[in-house]
Structure formats: C-alpha cells, structure tokens
Amino acid sequence: QVQLVESGGGSVQAGESLRLDCKYSVGLNCMAWLRQPAGKEREGVAVISTRDGVTYYGDSVKGRFTMSQDNTENTLYLQMDSLKEEDTAMYYCAAVFAVSGRGCYNAWRKNNFSSWGRGTQVTVSS
C-alpha cells in the first residue's frame, strides 16, 4: 500500500497562490490531485501519467494550476496560482498503477485510485 501525505493547504485571499505537496512512500505511474468542495462530489484537478509523460488538467484549473513531480524527493506538487473562491475544497493526492496512459486518464476521470491521502483543506476568500 502506497502511503500519501498532503501538506500546504491553508486560507488565502482570491488571486493569491498556494503550493500543495504530497509526500509518497512509493511512486506509481499514475498520480493525481483531486478535490472535493463541501457538499459536492470529488473532481479531478490534475493527473500525471509517467508511462507516456502526459499531464492532464481539469478545465476549471487549466492555465492556473501546475502539477509537477520530484522522484528524488518522492514528492508530488500542485502549484495553484490566481486562486478563486470556487477553488475552496479539500484537496487529495491519489495514486494507482495504470496499464496505459489512457488507463491513467480514465482512472482520474472516474476517481478510481488504489491509494489516497487524507487531504489538505484549501480555503479561498474574496
């Protein structure tokens, strides 16, 4: 079982930036950030498929959020810029072994990951 620990959440003003970190025990070839606003369903924020070197972003965060990975530090990052109130949510790091890049993308779209962190709260106010 892969252990995932998120950090970096907090309360900021709209327009500001935050960086979330996800420290993992073992890297898998499909790793993602997802979020869940209070009372709403979980949604994909970004996912990286190391099998084909592709990163996907949710439409609501494209151009504002950047996902990266440092395998020497066993850490996944989510740089969040130009934050909006609607970005307020619990943010989760997740991982799964995917047999293909398409499989990784589908897992992300269906929230189908084998390992999850406990989450870190991000609150954006106006």
Side-chain angles (χ1 to χ4, degrees):
Q1 184 77 4
V2 177
Q3 304 299 316
L4 303 165
V5 180
E6 304 95 336
S7 62
S11 297
V12 297
Q13 297 287 105
E16 294 183 341
S17 298
L18 271 178
R19 192 189 79 179
L20 304 183
D21 294 2
C22 172
K23 191 79 171 177
Y24 50 86
S25 58
V26 177
L28 298 182
N29 63 3
C30 181
M31 302 193 71
W33 287 98
L34 301 97
R35 67 185 182 186
Q36 187 166 20
K40 297 184 179 181
E41 293 186 354
R42 192 172 294 175
E43 63 174 351
V45 175
V47 62
I48 185 166
S49 169
T50 58
R51 184 176 287 274
D52 53 10
V54 178
T55 303
Y56 299 97
Y57 294 93
D59 289 340
S60 62
V61 306
K62 280 180 184 176
R64 300 187 299 121
F65 289 13
T66 303
M67 180 176 179
S68 61
Q69 185 175 18
D70 185 343
N71 286 321
T72 64
E73 297 290 333
N74 275 21
T75 304
L76 195 67
Y77 302 100
L78 183 68
Q79 177 65 41
M80 307 186 294
D81 298 320
S82 302
L83 282 162
K84 304 176 181 180
E85 284 186 84
E86 50 264 44
D87 294 319
T88 295
M90 183 69 78
Y91 283 72
Y92 298 91
C93 178
V96 69
F97 178 80
V99 297
S100 66
R102 173 58 63 177
C104 177
Y105 177 78
N106 290 339
W108 179 62
R109 291 302 301 267
K110 297 176 182 179
N111 293 353
N112 189 18
F113 292 89
S114 57
S115 299
W116 292 84
R118 292 190 174 185
T120 186
Q121 177 69 35
V122 172
T123 302
V124 185
S125 57
S126 60

For the pair Gln79 and Ser17, evaluate side chain to side chain contact (heavy atoms under 4.5 Å, CB included) and give the outcome as yes or no after the intermediate values.
CA-CA 8 Å; Gln79 177 65 41; Ser17 298; 3.9 Å; yes

Run the side chain to side chain contact (heavy atoms under 4.5 Å, CB included) check on Val47 and Cys104 step by step: do they pass?
CA-CA 8 Å; Val47 62; Cys104 177; 3.5 Å; yes

Lys23 and Asp21: CA distance, side-chain angles, deciding distance, salt bridge (Lys or Arg N to Asp or Glu O under 4.0 Å) verdict:
CA-CA 6 Å; Lys23 191 79 171 177; Asp21 294 2; over 6 Å; no

Check against side chain to side chain contact (heavy atoms under 4.5 Å, CB included), Tyr91 and Met80:
CA-CA 12 Å; Tyr91 283 72; Met80 307 186 294; 3.9 Å; yes

Hey, mind stepping through Met67 and Tyr77 against side chain to side chain contact (heavy atoms under 4.5 Å, CB included) and telling me if it holds?
CA-CA 6 Å; Met67 180 176 179; Tyr77 302 100; over 6 Å; no

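Heavy-atom contacts from other residues, nucleotides or ligands closer than 6.0 Å to CD of Gln13 number more than 12.
The shortest heavy-atom contact between Gly44 and Trp108 is CA-NE1, 3.3 Å. Closest approach of Leu34 and Ala94 over heavy atoms only: CD1-CB, 3.8 Å. The two atoms that bring Asn74 and Asn71 nearest to each other are OD1-O, 3.0 Å, heavy atoms only. In terms of heavy-atom proximity, Ala98 sits nearest to Gly103 at CB-C, 4.1 Å.
For Thr75 (side chain) and Glu73 (main-chain N/O), a donor-acceptor pair under 3.5 Å exists by modelled atom type. Not a single donor-acceptor pair under 3.5 Å links the side chain of Asn29 to the backbone N or O of Thr50. Put simply, the side chain of Thr88 never gets that close to the backbone of Thr123: no donor and acceptor are under 3.5 Å apart. When atom types are taken as modelled, the side chain of Ser114 and the backbone of Ala95 share a donor-acceptor pair closer than 3.5 angstrom.
Leu18 places a side-chain heavy atom less than 4.5 Å from the side chain of Val122.
Atoms OG and CG, from Ser49 and Leu28 in turn, are 11.5 Å apart once rounded to the nearest 0.5 Å. To the nearest 0.5 Å, the span separating SG on Cys93 from CE on Met31 amounts to 5.0 Å. The line from NZ of Lys84 to OG of Ser60 is 8.0 Å long, rounded to the nearest 0.5 Å. Asp59 CG to Glu43 CD: the interatomic distance, rounded to the nearest 0.5 Å, is 10.0 Å. The CZ atom of Arg102 lies 14.5 Å from the CZ atom of Arg51; values are rounded to the nearest 0.5 Å.
A donor-acceptor pair shorter than 3.5 Å can be found between the side chains of Tyr24 and Gln69.
Judged by the 6.0 Å distance and 45° axis criteria, Arg42 is not positioned over the aromatic ring of Trp33.
Residue pairs meeting the ring-ring contact (aromatic ring centres under 6.0 Å, His included) criterion with at least one partner in residues 35-76, sequence neighbours excluded, are Tyr56-Tyr105.
Checked options Leu20, Leu78, Thr120, Leu76; the residue passing with Glu6 is Thr120 (criterion: side chain to side chain contact (heavy atoms under 4.5 Å, CB included)).
Two different hydrophobic clusters hold Val26 and Tyr92 under the rule that ILVMFWY side chains link at heavy-atom gaps under 4.5 Å. Side-chain heavy atoms closer than 4.5 Å link hydrophobic residues (I, L, V, M, F, W, Y) into clusters, and following such links, possibly through other members, connects Phe113 to Val54.
By the 4.0 Å N-to-carboxylate-O rule, Asp87 lies close enough to Arg35 to be salt-bridged with it.
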